[in-house]
Enquirer: 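Next up is a structure, given as structure tokens.
Each chain gets a letter, A, B and so on, in the order its sequence line appears, and its residues count up from 1. Values below: every heavy atom of this structure, side chains too, minus hydrogens, waters and symmetry copies.
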Number of protein chains: 2
Amino acid sequence: MRVLLIEDDTVLGAAVRDQITADGHSIDWAKRLDEAGQYLDVAAYDLILLDLMLPDGRGQPFLRALRKRGDVTPVIILTALDQISDRIEGLNAGADDYMVKPFDLSELSARLGAVARRYAGNPNPLVTLGDLQVDLAAHSVHRAGKPVSLTAREWVLFEAFVQRPQQLLSKAQLEERLYSFESEIESNTIEVHVSRLRKKLGRERIETVRGMGYRLGAP
Amino acid sequence: MRVLLIEDDTVLGAAVRDQITADGHSIDWAKRLDEAGQYLDVAAYDLILLDLMLPDGRGQPFLRALRKRGDVTPVIILTALDQISDRIEGLNAGADDYMVKPFDLSELSARLGAVARRYAGNPNPLVTLGDLQVDLAAHSVHRAGKPVSLTAREWVLFEAFVQRPQQLLSKAQLEERLYSFESEIESNTIEVHVSRLRKKLGRERIETVRGMGYRLGAP
DNA sequence: GCGCGCCCTTCAGGTCAGTGTCAGGATCGG
DNA sequence: CCGATCCTGACACTGACCTGAAGGGCGCGC
């Protein structure tokens with residue numbers, strides 16, 4: 001399941017992100033509404049977690065706009081404001097559920113599970129890129145109808161590209177995705193993994209931008 | 001169809017009662033085990049919904065006693081999320097199914113429908129995976145026409161795979177399914193159970209994705 | 001109550017795929 | 001043409017995974 005988290009609190013946000021990835025879902029984390037808008041422009045999500053108080057505006061109008069343009073993605077509101085009026089406003093704006101901070105991470109898991117169950121049985125959405133078919137939930141890739149098996153690292157890398165198609169990703173960004181800071185890798189690991197990906201998925205799939213990074217080529 | 005609901009939570013109980021009556025069934029609602037015993041003394045039911053945590057005792061011994069005296073009424077267990085490990089015990093005690101709170105009322109309707117169909121003499125829907133035939137409602141697996149007996153843990157594990165075919169399931173997800181969060185298992189139990197499942201169901205049935213988890217192979 | 005048997009967990013030893021590193025060659029930009 | 005950057009085959013090592021066996025807990029039959 002793909003989740004979009006819109007939350008400016010870095011501590012809470014990190015905790016939520018970790019919990020959700022531990023539950024086996026993938027997550028994108030926007031810290032501002034405009035950033036969230038960018039994510040929504042390029043990808044579809046199965047669930048949105050929305051904080052109501054954000055640096056560049058309140059969540060309700062954002063949610064209202066989302067619904068107005070026909071987006072029916074389930075939305076769970078996260079907020080410190082436990083006032084009933086906010087709750088009502090949130091539900092009026094089109095939220096599906098509501099959680100008041102501070103909340104238990106296990107409770108979050110429970111609600112996630114409820115949403116996920118609603119999706120169980122439905123086929124997963126497929127992303128198509130030329131002759132590639134990508135099932136982000138199942139972590140599977142098919143090339144010309146035949147399954148391609150990717151290793152853990154390869155998948156993480158490829159997922160980064162698929163989630164941000166057309167977008168230029170620097171090696172630093174990719175390294176962070178693979179190794180999350182801690183170990184400053186100083187060899188050409190990324191290049192090697194990109195090379196292996198290309199061998200499996202097709203040479204022209206990932207294009208290199210000299211001195212800058214890589215980008216998923218247009219279908 | 002006649003349903004006996006054993007549940008002490010008045011809010012959840014009322015919701016379930018309303019849903020079931022709305023579905024056109026009749027229901028008796030006991031809030032304690034001794035009360036449930038009285039109902040069972042005077043009437044026969046087609047289905048029992050059993051909460052595991054009740055004011056006057058736990059559900060498992062009750063269920064065990066029920067089975068011991070030959071009652072084969074289908075039983076669906078209702079359990080809170082933080083008691084998932086109870087479901088193992090529940091299956092051992094003779095439950096037919098379980099639902100984790102909070103659950104969708106529509107999901108409840110679906111399971112009721114399954115029981116009703118079986119009650120009416122119609123066979124359950126079978127999931128076919130190569131030479132395997134799986135009856136999710138009856139908890140039975142046949143391989144090449146011959147019945148395969150799975151233990152409680154094996155079944156829970158296998159069910160997780162069948163419910164999400166093609167999907168990659170991490171060990172963390174599987175552990176959570178088997179043990180809830182509480183007891184962070186630190187050994188290779190999952191591996192051992194997968195190994196046993198493979199031995200019973202066929203080596204190639206469950207494929208391992210190194211560093212990521214397991215997946216039910218395509219038929 | 002008491003043993004018996006089933007099931008689950010843990011452990012240890014062995015195997016091998018995945019990964020990081022490196023080096024030589026290819027390619028690009030200026 | 002030269003330096004910087006990137007590509008990719010080869011290789012060794014780590015740790016993830018498999019599996020047989022041992023030990024303990026629990027229900028069940030006697």
Enquirer: Just how large is the angle between the end axes of the helix from dG1(C)-dC30(D) to dG30(C)-dC1(D), five pairs per end, to 10 degrees?
Expert: 40°
Enquirer: Report yes if a side-chain nitrogen or oxygen of S187(A) is closer than 4.0 Å to either non-bridging phosphate oxygen (OP1 or OP2) of dC22(C); otherwise report no.
Expert: no
Enquirer: Roughly, in whole Å, what's the span from CG in L150(B) to P in dC6(C)?
Expert: 16 Å
Enquirer: Looking for any heavy atom pair under 4.0 Å, which part of the strands does V194(B) touch: base, sugar-phosphate only, or nothing?
Expert: nothing
Enquirer: Salt bridge (Lys or Arg N to Asp or Glu O under 4.0 Å) for E191(A) and K171(A)? Distances and angles first, verdict last.
Expert: CA-CA 9 Å; E191(A) 293 172 16; K171(A) 284 190 198 171; 2.7 Å; yes
Enquirer: Between T208(A) and E191(B), which is nearer to the 5' end of DNA chain D once each is assigned its nearest nucleotide?
Expert: T208(A)
Enquirer: Would you mind reporting whether E35(B) and I6(B) have side-chain heavy atoms less than 4.5 Å apart?
Expert: no
Enquirer: So, do I20(A) and D18(A) sit near enough that their side-chain heavy atoms are less than 4.5 Å apart?
Expert: no
Enquirer: Do L78(A) and L5(A) have side chains that approach each other closer than 4.5 Å (heavy atoms only, starting at C-beta)?
Expert: yes
Enquirer: Could you tell me how far apart L157(B) (CG) and dC8(C) (C1') are, to the nearest whole angstrom?
Expert: 13 Å
Enquirer: So, does T151(A) get its side chain near the phosphate of dA17(C), meaning an N or O under 4.0 Å from OP1 or OP2?
Expert: no
Enquirer: Find the distance L197(A):CG to dT19(C):P and express it as a whole number of Å.
Expert: 11 Å
Enquirer: Using a strict 4.0 Å threshold on nitrogen-to-oxygen distance, state whether D9(B) and K31(B) make a salt bridge.
Expert: no
Enquirer: So, do Y214(A) and V209(A) sit near enough that their side-chain heavy atoms are less than 4.5 Å apart?
Expert: no
Enquirer: Distance check needed: dG24(C) P versus N188(A) CG, whole Å only.
Expert: 14 Å
Enquirer: To the nearest angstrom, how far is I190(A) atom CD1 from dG18(C) atom C1'?
Expert: 15 Å
Enquirer: Rounded to whole angstroms, how far apart are CE on M212(A) and C1' on dC28(C)?
Expert: 15 Å
Enquirer: Decide yes or no for T189(B) and H193(B): does some side-chain heavy atom of the first lie under 4.5 Å from some side-chain heavy atom of the second?
Expert: yes
Enquirer: Can you tell me how far C1' of dC6(C) sits from CZ of R196(B), to the nearest Å?
Expert: 11 Å
Enquirer: Can you list the residues that meet the ring pair (Phe, Tyr, Trp, His ring centres under 6.0 Å) rule with W155(B), with sequence neighbours excluded?
Expert: H139(B)
Enquirer: For E207(B) and dA17(C), what is the distance between atoms CD and P respectively, to the nearest whole Å?
Expert: 15 Å
Enquirer: Contact boundaries of DNA chain D with chain A (under 4.0 Å, heavy atoms), 5' to 3'?
Expert: dA4(D) to dA10(D)
Enquirer: Would D135(A) and S140(A) count as having a side-chain donor-acceptor pair, cut-off 3.5 Å?
Expert: no
Enquirer: On DNA chain D, nearest-nucleotide positions of R210(B) versus H193(B): which is more 5'?
Expert: R210(B)
